[in-house]
Amino acid sequence: MTNGIHRPAWVPVRGHRLRVAGVHFDAVRIEGRWGEAVADALIERGDGDAGPVVCAGGSGTRWVYFLLAPGVVHRYDWPLGVQYFGRRWDRAVTYVGVPALDGDTWPLRWYSEPTPTAPYVDAVALLSVTARGGSPAVRRSPPP
């Protein structure tokens, strides 16, 4: 994070909370090392200011959640292996864990925090990185 502390209203003051995808943000989820590689590429591309990225899990299964502006995730064709969550009236509600900016937030942690200049991950940048970053295919990923 390069622009100081910025805590949007949907980020809890302490601990962690579940938030409904599609209300405060949309989410893109990528598993394990590929998710971390994508996060690293976005952070490098944004000079340390990639927007909110949450890592969930421990040494076993890890998931990386990229938090996008609400209402944008369904505008794009995501590569296979990328799961996306946003408000869809024909689908079940999806919750995403959001950690506080400091303190004990296990099993969640910020990989990249929201900032005033990057309150959300840029969907086009994320799509660009996932499309060239080792996706197993280029056809549209089925919604969860």
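FYI, the numbering just counts along the sequence from 1. Just so it is clear, the model here is predicted, and its values are computed rather than measured.
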[atom2] on [Y] to [atom1] on [X], rounded to 0.5 Å:
{"X": "Leu68", "Y": "Leu127", "atom1": "CG", "atom2": "CG", "value": "10.0 Å"}
{"X": "Asp104", "Y": "Arg109", "atom1": "CG", "atom2": "CZ", "value": "14.0 Å"}
{"X": "Leu67", "Y": "Trp110", "atom1": "CG", "atom2": "CH2", "value": "5.5 Å"}
{"X": "His16", "Y": "Arg19", "atom1": "NE2", "atom2": "CZ", "value": "12.0 Å"}

What residues form a side-chain contact (heavy atoms from CB on, under 4.5 Å) with [X], not counting sequence neighbours?
{"X": "Ala37", "answer": "none"}
{"X": "Ala41", "answer": "Val129"}
{"X": "Pro8", "answer": "His6, Trp10, Val11, Pro114"}
{"X": "Val23", "answer": "Val20, Arg87"}

Q. Under 4.5 Å between any side-chain heavy atoms of Arg29 and Tyr84, yes or no?
A. no
Q: Decide yes or no for Ile30 and Tyr65: does some side-chain heavy atom of the first lie under 4.5 Å from some side-chain heavy atom of the second?
A: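 Counting from C-beta outward, Ile30 and Tyr65 never come under 4.5 Å.
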**Q.** Residue Arg7 excluded, over 12 heavy atoms near CZ under 6.0 Å
**A.** yes
Q) Gly71 and Asp26: which non-hydrogen atoms are nearest, and at how many Å? A)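 Minimum heavy-atom contact is N-OD2, 2.9 Å.
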Q | Contact summary for Gly15 and Thr105, nearest pair of heavy atoms | A |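 Of all heavy-atom pairs spanning Gly15 and Thr105, the closest is O-CG2, 3.3 Å.
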Q: With sequence neighbours left out, write down each residue that passes salt bridge (Lys or Arg N to Asp or Glu O under 4.0 Å) with Glu36, or none if nothing qualifies.
A: Arg62
Q. Who passes side-chain hydrogen bond (donor to acceptor under 3.5 Å, both in side chains) against Tyr111, sequence neighbours left out?
A. Asp40
Q | Stepwise side-chain contact (heavy atoms from CB on, under 4.5 Å) check, Trp78 with Leu126 | A | CA-CA 10 Å; Trp78 298 97; Leu126 179 58; 3.9 Å; yes
